[in-house]
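All values reported here derive from a predicted model rather than from experimental measurement.
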Amino acid sequence: MINIRAIDHVVLRVVDAARMVRFYVDVLGARLEKHQEAIGLLQLRVGDALIDLVPVDGELGRRGGAAPGLEGRNVDHICFRVLPWNGPAILAELARHGIEGEIVSRYGAEGDGPSIYLNDPEGNALELKGPPWSPVPGAPSR
């Protein structure tokens, strides 16, 4: 049996790698871990996982066909688990970067809890997910 516990890495084909690195580092707190220039791969650390950015005009990127855009994407969305969760502080940090968002309850790997959707500079949909809501006293468990 296969037991997946977390995201290892996600690969995004990108048009403007520098802009994407700035977004993931400056807005979401990732750090640039490795740049493999020979094959056109930038690897960003987010917690225990990686986000790999592959420029569409590089060796790896050319293998994927047309660049991502409004009519064609390479992923639906990536969900990042955020701990500790402070919704108002997260919204304020996003707003500081000109990004609007709202906290909505959505179901995730651990149950219903707070969630914020946003897009990175190239239109990839992201979800910032908090922990499940505290159980209501007397409510049945799932």
Answer yes if [X] and [Y] sit in the same cluster of Ile, Leu, Val, Met, Phe, Trp and Tyr residues linked by side chain heavy atoms under 4.5 Å apart, and no otherwise.
X	Y	result
M20	V56	no
I39	V54	yes
I51	I78	yes
F80	L94	yes
L42	L126	yes

Could you tell me the separation between the [atom1] atom of [X] and the [atom2] atom of [Y], rounded to the nearest 0.5 Å?
X	Y	atom1	atom2	value
L41	E59	CG	CD	10.5 Å
N124	N119	CG	CG	8.0 Å
L118	H77	CG	NE2	11.0 Å
L53	R13	CG	CZ	12.5 Å
R96	L91	CZ	CG	14.0 Å
D120	R22	CG	CZ	12.5 Å

Minimum heavy-atom separation for [X] to [Y], with atom names?
X	Y	result
P55	A17	CG-CB, 3.9 Å
C79	I7	O-CD1, 3.5 Å
P114	I103	CB-CG2, 3.7 Å
D16	E122	N-OE2, 2.5 Å
D52	Q43	OD1-CG, 3.1 Å
G113	W133	CA-NE1, 3.4 Å

Discussion item. Treating E110 as the side-chain partner and P131 as the backbone partner, does any N or O pair qualify as donor plus acceptor under 3.5 Å?
Written reply: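 No: the side chain of E110 does not pair with the backbone of P131.
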Discussion item. I'd like to know if the side chain of R45 and the backbone of D48 have a donor-acceptor N/O pair within less than 3.5 Å.
Written reply: yes
Practice prompt. Test side chain to side chain contact (heavy atoms under 4.5 Å, CB included) on V46 and L28 and set out the steps.
Written response: CA-CA 9 Å; V46 288; L28 296 183; 5.9 Å; no
Fill in: For S115, the option from E127, E102, K129 that meets side-chain hydrogen bond (donor to acceptor under 3.5 Å, both in side chains)
E127
Discussion item. Run W85 and I90 through side chain to side chain contact (heavy atoms under 4.5 Å, CB included) and show every step you take.
Written reply: CA-CA 8 Å; W85 179 265; I90 293 168; 3.6 Å; yes
